[in-house]
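Following: one structure in structure tokens, then a few remarks.
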Amino acid sequence: MKRKAGDLKSKKGNKIKNSRMQLVKENDIVQRVSELKSEEDHDANESKIAKAKKDLKRTSKTKFEEYLEMEMPNSDMLAQEDLELEKKLAKKLKVKGGKLRGDDDGLNILFEGFSDEEAVNHSLSKKRKKKKSVQQAIKDDIGDDSTIEASEGEEYSETTVVEIPVKAPSQKRRKKRKSLLQGQESDMVGETALSVTPHSECHNAEVASGQISTKALGMESSGKYVAPHLRSQTKNESEEQTRMRRRVRGLLNRLSESNVESITGEMATIFRSVSRSVSSQIISEEVLASCYNGPRGNEQHAAVFAAFIAGMASLVGVDFSAKLMALLAKIFEEEYLKEDNLSLRNLTLLLSYLCIFGVCSCDLIYDFLIMLSKRLTEIDVSTILTVLQCCGMKIRGDDPVAMKNFILCVQNRVNELKALSGGGEAKINGKRMEFMLETICDIKNNKKKPKEDTVQHTRIKKWLQKLRVEDILIRGLKWSKLLDPDKKGQWWLPGDIASATDNVEEVANSIDKEALEAQKMLELAAAQRMNTDARRAIFCVIMSGEDYIDAFEKLLRLDLPGKQDRDIMRVLVECCLQEKVFNKYYTVLAAKLCEHEKNHKFTLQYCLWDHFKELDSMPLLRSMHLAKFMAEMVASFTLSLAVLKTVEWSDPQMLSPKKIMHFRMLFEAIFEYPDKVIWNMFTRIAVTPELETLRQGMEFFIKEYVVKTNKKVNDKFKLAKKALNNTEGVLM
């Protein structure tokens, strides 16, 4: 019994000790929890104070807001209506927490890896770790489920008190509490899953990286899309050529009327960076692909590309334009077999504008038209119409005889088709055919007006004139020559002896003859006191020209540096005066040069004034040729009678017999022209008041020295006198 009592006492003592220990522990835990609560309350109080301050700031309204409330008394009602409308839209769109509640369409995958979401997830994980550490400490200290549940309940209640506003209705509070509880449960589930996910995430990352690497390899192997008709070319091309083709294509895509000059300069630089054959082929292919593959079909697009081709030929050489036209002819025949009307129209417009801008002559266009007129199908008729509408009047002015031959060819073919059966008659009666025949008749009778150049075309032509586009004109080229697969050497030149003849002896003989002629020409130049290389070259060109156009083109090709081009006019006048019989060839060539460049006109005036000083010592034949030369230049309106202003008409001592004889021959040659020309010649100097002394001196000289000796010109003199008094400048 005593033992039992001792045992009971010891048990009671142990229980008391245990209870005391538990009380001490509970007191410690309560202190810790109170400390944590005080800290959280302190933070919550600080947040509440900050919110209150913000609310105070928000509640303090400005005068403008007060004025709006006065103006809009029903603003609360409107705000309530907006809220209700917003709720309805949120329900219809299934919006909850900023996310759609519909089926997962996989769009969230696209937004993975953004910095904002990572920052949010990082902050959430930190909060979860803090909560977990607090809960773990309480579990270790207490070890009782009830206290843990109580503490969790307190934490939940605290969070709900902090986050849910007091003024919210009861139903909203319940909904928010449920959402908070669900969110914390999902957080706990996420925390438990954290220990499992790292290995799976690493595995998924490895799989994704493998897929990305395979995709990257596939993209590298496949590259960019290449059209089927260009795949055979890209396989044989090097990387440098492919890069060049891509660069050329980019420049051509940006080509327009405003930037054709700059892009032509860039393209010329690219052309010179590689071999001529490769660059000519690549640029020609890309230019023609841009023309005939595109859905344009308008003249403006073709004109820009033709100007680009003309500029490139002027900068890099004639061979570029010749090879491009050969490729154009080949593609035209291929598209003709396919019967692609749009591509054929684009190519035809490009060819027509190449003629307009001076790349090819009208010979090629006429040969092309005659080739089409021999078939005269529906496609041929539309192609002929395109050419005639674009450059019909220009080629008529360049070569009227060739236009006549073309019209005869068309008439013969039309008669043949009329002689055929019903199919031919249907073709003849077509509206397109009738319109083509009407257009041909209008061009033949000069009823069709030539197209006026736009401002952009005028600017482009001036730019090409600066580049000396006249030097790149290819003459005598035929359509059959462009399609000839056996063409060799410089096949585009009209004087290509090697391609024209196969006999070596004939070639050698022709070269020997040319050498002998050149030697004779140089000896003749030395005899005519041509003492410099430039003057000898000019003399040989003028004297060996087939006609004035040939001589004009060769003179432009001399490309004389500095002021040596002034020798052209001086040599030309000297050659004219050295002739035994006056030749109008020199006057036509001089007029052409003055029309091309104004500097030649000033040089010619100074040259004539120098010859006026030599009249006293000049032979009579030479003086007569000079008088006729001046009369021709004034009658063609290249020069005006103002060139005679240096002559002292009123001073009889200055007018020597040889000078009187010279100017008599001049005015007699002028009076041989029709009345209209005489009226316009003298009217040109009647308008300028500074030439009053010249008008009086000329009138006096003609009356005293011309009319008295030759009374046949009296009527012409009266007309000239009226024209000199025509101060209004009215022309006949």
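The first residue of the sequence shown is numbered 1, and numbering continues consecutively from there. Basis for what follows: all heavy atoms, side chains included, without hydrogens, waters or symmetry-related copies.
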For the pair Thr683 and Asn680, evaluate side-chain hydrogen bond (donor to acceptor under 3.5 Å, both in side chains) and give the outcome as yes or no after the intermediate values. CA-CA 5 Å; Thr683 302; Asn680 293 337; 5.2 Å; no
Distance-only, no hydrogens or angles: does the [X] side chain make a donor-acceptor pair with backbone N or O of [Y] under 3.5 Å?
| X | Y | result |
| --- | --- | --- |
| Asp367 | Asp363 | no |
| Thr688 | Ile685 | no |
| Ser279 | Ser275 | yes |
| Ser273 | Ile270 | yes |
| Tyr586 | Ile542 | no |
| Tyr366 | Asp399 | yes |

More than 12 heavy atoms of other residues, nucleotides or ligands under 6.0 Å from [atom1] of [X]: yes or no?
| X | atom1 | value |
| --- | --- | --- |
| Met661 | CE | no |
| Lys628 | NZ | no |
| Lys444 | NZ | no |
| Lys721 | NZ | no |

Go through Tyr606 and Arg566 one step at a time and tell me if the side chain to side chain contact (heavy atoms under 4.5 Å, CB included) criterion holds. CA-CA 10 Å; Tyr606 285 111; Arg566 295 179 181 178; over 6 Å; no
Calculate, to the nearest 0.5 Å, the distance between atoms [atom1] and [atom2] belonging to [X] and [Y] respectively.
| X | Y | atom1 | atom2 | answer |
| --- | --- | --- | --- | --- |
| His600 | Lys592 | NE2 | NZ | 12.0 Å |
| Glu704 | Arg664 | CD | CZ | 12.5 Å |
| Ile474 | Ile472 | CD1 | CD1 | 7.5 Å |
| Cys594 | Phe602 | SG | CZ | 10.0 Å |
| Ile309 | Met325 | CD1 | CE | 9.0 Å |
| Met681 | Ser636 | CE | OG | 9.5 Å |

Hey, is [X] close enough to [Y] for a salt bridge, meaning N to O under 4.0 Å?
| X | Y | answer |
| --- | --- | --- |
| Arg622 | Glu574 | yes |
| Lys554 | Glu546 | no |
| Asp610 | Arg570 | yes |
| Glu553 | Arg475 | yes |

Please report the shortest heavy-atom distance between [X] and [Y], naming the atom on each side.
| X | Y | answer |
| --- | --- | --- |
| Phe682 | Ala723 | CB-CB, 3.6 Å |
| Lys487 | Ala326 | CE-CB, 4.0 Å |
| Gly358 | Leu473 | O-CD1, 3.4 Å |
| Ala322 | Trp491 | O-CH2, 3.3 Å |
| Val643 | Met630 | CG1-CE, 3.8 Å |
| Arg459 | Ser258 | NH2-CA, 3.8 Å |

If you define the side chain from C-beta out and look only at heavy atoms, does anything of [X] sit under 4.5 Å from [Y]?
| X | Y | result |
| --- | --- | --- |
| Glu632 | Phe629 | no |
| Leu608 | Met633 | no |
| Arg557 | Glu470 | no |
| Asp550 | Asp547 | yes |
| Phe663 | Leu644 | yes |
| Leu558 | Gln564 | no |
| Phe582 | Cys576 | yes |
| Glu595 | Thr638 | no |

Geometric class of the Phe368/Trp479 ring pair [parallel <30°, tilted 30-60°, perpendicular >60°]: tilted
Using 30° and 60° as the class boundaries, would you call the ring planes of Phe320 and Phe271 parallel, tilted or perpendicular? perpendicular
Tyr353 and Gln300: side-chain hydrogen bond (donor to acceptor under 3.5 Å, both in side chains), yes or no, with the steps? CA-CA 10 Å; Tyr353 273 99; Gln300 185 181 2; over 6 Å; no
Qualifying residue for side-chain hydrogen bond (donor to acceptor under 3.5 Å, both in side chains) with Asn599, from His596, Glu597, Lys601: Glu597
Test: Lys716 cationic atom under 6.0 Å from Phe671 six-membered ring centre, within 45° of axis: no
